[in-house]
Every structure is written in structure tokens, then in C-alpha cells.
Student: 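Handing you a structure now.
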Amino acid sequence: MTVPRIRSMKRGTGADPIVMVTAYDCPGAAAADAAGVDIVLVGDSLGMVVLGHEDTLQVSIEEMAHHVRAVSRARPKALVVADLPWMTYHLGAKDAVRNAATLVRAGAQAVKLEGGRRRVAVIKALVGAEIPVMGHLGLTPQSINAMGGFKVQARHPGAAEELGEDARALEDAGCFSIVLEGIPDVVAAAVTDSIGIPTIGIGAGAHCDGQVLVYHDLLGMTAGDSPKFVRKYADLRQVAVDALKAFCSDVREGRFPTSDESYHGSN
Ligand code: KIV
């Protein structure tokens, strides 16, 4: 999968919807690739899903690079996109290009960053350095403090219009696609129809050019309630707990290991 191919996958042109899933390690990326996803996103959701933080703001460029390297060792056919974490592209274009290069050298083929018109200069600098950029609008988790929590965005006509302006600015700046997160479906549909690059939705309804979910959410690996846009395709947390309980009782009751599971003098 390539950036130009994703760029061309507007649904109106007869293209299949884009399928993107997050992955943070080699086995996860290998599973997503075996399933045939188009894009593996090494998201900064890493901070919450894998590293146990309350938000994504704690994730560093070194942590991202570490996980991008693990994902890229799976040699996925899917496009590998990596999130630029908070504060790695806010201090100027030079800093952003240097940080994005770290992710590219770790194995990313493109980077994703959050925000609208105020990111135009940085996006142009990245594109100028031959680093493809995916935008991210709506409920942008790196803005959690400014938004006052993980809240659906663009519910009011003025905010929806602003979001549309942001999307057009990101397209003009050179983004090859845009994630739309946590916005009403009608707003996502209007934005999708108003730009020439694909939108990839998460909690943004059915009319986007593609959909993305977090690996651990869709496989049911996380405890507690999920937002309503998450469809759980498996309950792997329960599968894991049941298997681990069986291991605990087999060890405690002397059923593991058996003679067949042990090495002997001759075999
Ligand atoms: O970090 C992430 O996983 C993301 C997706 C939710 C789009 O940005």
C-alpha cells in the first residue's frame, strides 16, 4: 500500500472504503496485515492503551519510535503511519521535520498530526521534506485539556463550518487524508463531500471514505465501558483471563507440566 493509492481512495470514485487499525507491536501489526487492512496506524493512543496513561500527552517521540520499529519489523504490506506525539510539532517547522524524520527512520511511511489551519505551515514543511502527512480533526485527544475532556466536537453549525474550513486548509497544505474523530455523522459527511482527499472516521458515522478503530478496542482487550462507536469483534480480554486462570490452577494442582511437556535424558 502506498500514500498515492490511499490518496486516490475516495468512495465516490468506486474505491473500497479504507480500513485502518492501530497497532503498537510486531504481532499486532502482523495480525492486522494478515487480515488485510490498508493502513496500520502506530497511534499515540499507545499511551493509554498500552502504557496505562490517562491521556495521550505523556507519549514521547522516543516511545513512538520504539513502537514504530516493532511494527515495521512485521514488514506489513499495509501503509505504516505514525502519530507525531504532543509537543513534537508545536514548536516550529524545523522541530517537526526532525521529529517526523525520527519516525520515518524507525519505519513509518507517513506521519499523522492533530489540528487545523494553525498546522498549515508545519504540514507544508513536512511535505516539503518528502514526509507524507495525514491530518486529524474533530475530537483531537492531544487537545483534551483545551476541550475539557473527550467530548464530541462540531455539534453546532458554527463549529461545523470551522471544521470544514480546517479540512480544506489541510488538503490545500498537502495532507493525503484526514482522520475525522468524534463528530456528528452529518458534519463528517459534509466535510467528506467537500474535499478531494479521503476522510477516515472514528466516531464520525458511516459516510467517511474509510474507518479506523483502536486494535485493543475492536478485539475487546480493554476493561470497562467503551464509547458507542466501538464495535467489539472479540472478547480477547476474557479469553486471556480464562486461559491464565486455567494455567494458574494447572500449576497449583500439579497438572502442568506433564511428562510430555518436559525434557528427559534422551528426548
Ligand atoms: O492514536 C490513535 O489511535 C488515533 C486514532 C484513534 C485515529 O489517533
Side-chain angles (χ1 to χ4, degrees), residues 6 17-25 28-29 31-32 37-61 63-68 70-71 78-89 99-100 103 106 108-116 119 123 132-144 147 149-154 163 166-167 170 175-183 188 191-192 197-205 208-219 221-222 226-232:
I6 295 294
I18 297 165
V19 182
M20 180 159 92
V21 72
T22 66
Y24 314 98
D25 58 21
V37 306
D38 299 306
I39 306 176
V40 171
L41 171 69
V42 189
D44 62 353
S45 51
L46 165 76
M48 300 173 75
V49 175
V50 174
L51 303 180
H53 293 298
E54 293 277 303
D55 55 45
T56 61
L57 303 180
Q58 313 304 324
V59 178
S60 68
I61 194 73
E63 285 169 327
M64 285 301 300
H66 176 75
H67 287 268
V68 171
V71 162
L79 190 76
V80 176
V81 179
D83 263 334
L84 278 168
W86 182 62
M87 272 301 137
T88 64
Y89 57 96
N99 285 317
L103 299 183
Q109 291 155 288
V111 297
K112 177 165 79 58
L113 56 76
E114 299 181 3
R119 304 287 175 237
I123 293 166
V133 182
M134 178 182 281
H136 187 159
L137 295 172
L139 193 176
T140 45
Q142 292 174 13
S143 316
I144 180 175
M147 291 182 312
F150 293 107
K151 294 180 179 161
V152 174
Q153 301 294 300
L163 194 131
D166 283 335
L170 294 194
C175 285
F176 70 94
S177 58
I178 302 177
V179 168
L180 298 178
E181 177 166 357
I183 58 174
V191 170
T192 298
I197 54 173
T199 59
I200 304 176
I202 176 162
C208 295
D209 299 301
Q211 297 291 329
V212 52
L213 282 177
V214 166
Y215 186 90
H216 291 60
D217 289 345
L218 85 89
L219 292 178
M221 295 170 81
T222 42
S226 300
K228 73 177 198 175
F229 61 79
V230 171
R231 186 180 295 177
K232 283 194 183 184

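Whatever order the structure lists ligands and atoms in, that order sets their numbers, starting from 1.
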Student: When you look for heavy atoms under 4.0 Å from ligand 1, do you find them on the side chain of M20, its backbone, both, or neither?
Tutor: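 Neither; no heavy atom under 4.0 Å.
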Student: Considering the heavy atoms of D44, write down every atom of ligand 1 situated less than 4.0 Å from one of them.
Tutor: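 In order of number, 1 (O).
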Student: When you compare the side chain of Q58 with that of D55, does any pair of heavy atoms fall below 4.5 Å?
Tutor: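 Yes. Closest side-chain heavy atoms under 4.5 Å.
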Student: Judged by non-hydrogen atoms, does E114 sit under 4.0 Å from ligand 1?
Tutor: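 Under 4.0 Å: no for E114.
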Student: What are the two closest non-hydrogen atoms of K232 and S226, and how far apart are they?
Tutor: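 Where K232 meets S226 most closely, the heavy atoms are CE-OG, 3.7 Å.
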Student: Below 4.0 angstrom from a heavy atom of H136, which ligand 1 atoms are there? Numbered from 1 as shown, please.
Tutor: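 Ligand 1 atoms under the 4.0 Å threshold to H136: 8 (O).
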Student: Report the member of S45, A82, G203 with the shortest heavy-atom distance to atom 2 (C) of ligand 1.
Tutor: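 Among S45, A82, G203, the closest heavy atom to atom 2 (C) of ligand 1 comes from S45.
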Student: Taking side chain as C-beta onward, heavy atoms only, is M134 less than 4.5 Å from I200?
Tutor: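 Contact flag for M134/I200 side chains = yes.
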Student: Could you tell me whether some N/O pair between T22 and ligand 1 is separated by less than 3.5 angstrom?
Tutor: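 Among all N and O atoms of T22, none is under 3.5 Å from an N or O of ligand 1.
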Student: Indicate yes or no for a side-chain donor-acceptor contact from Q211 to the backbone of G205 under 3.5 Å, with no hydrogens or angles considered.
Tutor: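 Yes, because the side chain of Q211 sits within donor-acceptor range (under 3.5 Å) of the backbone of G205.
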Student: Check H136, K112, Q142 against D83 for a side-chain hydrogen bond (donor to acceptor under 3.5 Å, both in side chains) and give me the one that passes.
Tutor: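 It is K112; the other options fail the test.
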Student: So for K112, does at least one of its heavy atoms come nearer than 4.0 angstrom to any atom of ligand 1?
Tutor: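 Yes, K112 has a heavy atom closer than 4.0 Å to ligand 1.
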Student: Identify the heavy atoms of I61 and N99 that sit nearest to each other, and give their distance.
Tutor: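 Minimum heavy-atom separation between I61 and N99: CD1-O, 3.6 Å.
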Student: Using a 4.5 Å cut-off on heavy atoms from C-beta on, say whether the side chain of Q153 contacts that of T140.
Tutor: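 Answer no - side chains too far apart.
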Student: For ligand 1, which atoms have a heavy atom of I202 less than 4.0 angstrom away?
Tutor: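 Numbered from 1, ligand 1 contributes 6 (C).
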Student: I need the minimum non-hydrogen distance between T192 and C208, along with the two atoms involved.
Tutor: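 In this case the closest contact between T192 and C208 is OG1-CA, 3.8 Å.
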Student: May I ask you to check if ligand 1 and E181 share an N or O to N or O distance below 3.5 Å?
Tutor: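 It does not: no N or O of E181 is found under 3.5 Å from an N or O of ligand 1.
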Student: Report yes if D83 has an N/O atom closer than 3.5 Å to an N/O atom of ligand 1; otherwise report no.
Tutor: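 For ligand 1, there is an N or O atom that lies under 3.5 Å from one belonging to D83.
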Student: Show me which atoms of ligand 1 lie under 4.0 Å from any heavy atom of G43.
Tutor: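 With G43 as reference, the close atoms of ligand 1 come out as 1 (O), 2 (C), 3 (O).
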Student: Mind checking whether L41 contacts ligand 1 via backbone (N, CA, C, O), side chain (CB onward), both or neither, at a 4.0 Å heavy-atom cut-off?
Tutor: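 Within the 4.0 Å criterion, L41 contacts ligand 1 through side-chain atoms alone.
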